[in-house]
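Note sheet for the following structure.
When reading the values below, keep in mind they use all heavy atoms of this one structure, side chains included, and skip hydrogens, waters and symmetry mates. Just so you know, ligand 1 is whichever comes first in the structure, and atom 1 is the first atom listed for that ligand.
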Amino acid sequence: MIKILLIGSGGREHAIAKAIARSPQAYQLYCFASHANPAIMALSHDYLIANLAELDAIIHYAKHQNIDFAIVGPEAPLALGIVDRLAEQDIPAIGPTQELAQIETSKGFARNLLQEYNIPGGPQYKNFKSLDGVKDMLQTLGEDYVIKADGLMGGKGVQVAGDHLHSHDEALSYCQELTAQKQRFVIEEKFYGEEFSLLSFTDGYHSMHMPTIKDHKRAFEDDQGPNTGGMGCYSCANHRLPFLTAEDIAAAAAINEACIEALKNKFSHAYKGILYGGFMKTAQGVRLIEYNARFGDPEAISLLELLETDFIAICQAIINDTLDKVDIVFSQQATVCKYIVPKGYPNNPVKQEIINISDVTNPEQLFFASVSKEQENIVLLGSRAIAVLGKGHDLATAEQQAQIQIEKISGPIFYRRDIGTSELLNKQVKQVTDTQKS
Ligand code: AMP
Ligand code: GLY
């Protein structure tokens, strides 16, 4: 009997729990959760609600339950070093050590690593801890700059010229705000093009790339409004987004592989888990926007629902450095995943309101995130609530499948109707064509 510890309790972790449940191997799932997610609870042998930042509590639980290996869902415990702490107890984990997780937790570190190891795809950039040299850097970049707070900011630390900042004065006052908070930051060149993601499983020596996927971070339709954790995503049956070529995907894969190799060389130990590359296709080629040290949410929902290979076997191969021996297969289907979020999300979400999912005819398409069950009611907790996955032989079918069920959910909620539709896709293809011309 394999005892698996799952850390986290959002939509991504529901997808992980479901992938584990499909395994032919005998297992018991233990979940260390931040809230009572009814769907993950139903799939778990044991479920503990506590603070994910309390590493001592996680270690105590893992030892007490005789855990064989852990899967770390969100970034916060990685940033705090949960993988190092588990290793001290001889418990392997799917997720990098604190040093290696810097690829996500420090934007400056990620940029420096690429530069140090001559990995292509990086922008012109500079690290700052004071206002010294900020004006010069802005002068150099003109109107094409991005300012990034150098830490885990829940997607809120990045300010893009033209989008969030409209003059060098505004840029300077954002930098002042950051220095007042003793926050380091990076100023880098702004890229133009269309973003896409390539996630790779890796044991630190071998990498297996997943289908390319498109995330939609903006809260409102047509990619407007504030950034969120992700309002939805889509992927295509041939595993290639419509605006990408096979060469683009190969370029992104090569950057992920070089990064994994560089991390191993720099810190003398292997990166184990999932490396999530956020890229942009520009007129000059594929560029790296950021790295995450874990599965994306909701990307994990789309990707794991396509995965045909035993997920526990993949985890075992990551731990045993034998990922090259596993034939990882994703089904040749398209996916569209849309998140239901509370009204007012992300800045002022309603909470503790009831939503009605009783009309949903295929509950298998639902992935529970920031909701709990109180007296048989599903209650909003304030963050992304329920993701709805559609799958089909093409994108239009997948989008329709998601839409059919999402329309059956009611309450003080909203979602993005446009994710996965041909209108939005055509805009993305046009955006790439236009940037290639300019
Ligand atoms: P990050 O947290 O680094 O992914 O940044 C959040 C968002 O800011 C990204 O999804 C992009 O839309 C945008 N962004 C970040 N860096 C750049 C860049 N160098 N050029 C253009 N847009 C960027
Ligand atoms: N959906 C983007 C993320 O998980 O970071």
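- Tyr415 and Gln403 are linked by a side-chain donor-acceptor pair at a separation below 3.5 angstrom, with hydrogens and angles left out of the test.
- A donor-acceptor pair under 3.5 Å is absent between the side-chain atoms of Ser106 and the main chain of Gln102, judged by distance alone.
- Note on ligand 2: Arg294 sits in its first shell, one or more heavy atoms being nearer than 4.0 Å.
- Under 4.0 Å is where a charged nitrogen must lie from a carboxylate oxygen, and between Asp150 and Lys107 no such pair does.
- Proximity to Glu195 (heavy-atom distance under 4.0 Å) selects the following atoms of ligand 1: 9 (C), 10 (O), 11 (C), 12 (O).
- The closest donor-acceptor contact from the side chain of Ser200 to the backbone of Met208 lies at 3.5 Å or more, if one exists at all.
- Near Gly229, the atoms of ligand 2 lying under 4.0 angstrom from a non-hydrogen atom of the residue are 1 (N), 2 (C), 3 (C).
- Tyr30 pairs by the ring pair (Phe, Tyr, Trp, His ring centres under 6.0 Å) definition with His45, not counting sequence neighbours.
- Those atoms of ligand 2 with a heavy atom of Asp215 less than 4.0 angstrom away are 1 (N), 2 (C).
- Against a heavy-atom cut-off of under 4.0 Å, Lys217 is close to the following atoms of ligand 1: 10 (O).
- Between Glu290 and ligand 1, an N or O atom pair is found at a separation short of 3.5 Å.
- The side chain to side chain contact (heavy atoms under 4.5 Å, CB included) with Cys337 is formed by just one residue from the set Asp297, Ile213, Ile301; it is Ile301.
- Here is the list of ligand 1 atoms found below 4.0 Å of a heavy atom in Lys148: 3 (O), 15 (C), 16 (N).
- Formation of a donor-acceptor pair under 3.5 Å by the Asp203 side chain with backbone atoms of Leu323 is found in this model.
- An N or O contact shorter than 3.5 Å is missing between Phe295 and ligand 2 by distance.
- Looking at Phe191 next to ligand 1, an N or O pair under 3.5 Å apart turns up.
- Backbone and side-chain nitrogen or oxygen atoms of Asp297 are examined, and one is located within less than 3.5 angstrom of a nitrogen or oxygen of ligand 2.
- Ligand 1 lies less than 4.0 angstrom from a heavy atom belonging to Lys107.
- At least one donor-acceptor pair under 3.5 Å links the side chain of Thr245 to the backbone N or O of Asp248.
- In this structure a side-chain-to-backbone donor-acceptor pair under 3.5 Å is present from His269 to Phe267.
- No N or O atom of Tyr276 sits closer than 3.5 Å to an N or O atom of ligand 2.
- Evaluated by nearest non-hydrogen atom to atom 1 (N) of ligand 2, the leading choice among Glu104, Glu75, Glu299 is Glu299.
- The line from OH of Tyr234 to OG1 of Thr335 is 10.5 Å long, rounded to the nearest 0.5 Å.
- Taking every heavy atom of Asn292 and a limit of under 4.0 angstrom, the matching atoms of ligand 2 come to 5 (O).
- For ligand 1, one of its N or O atoms has an N or O atom of Glu189 under 3.5 Å away.
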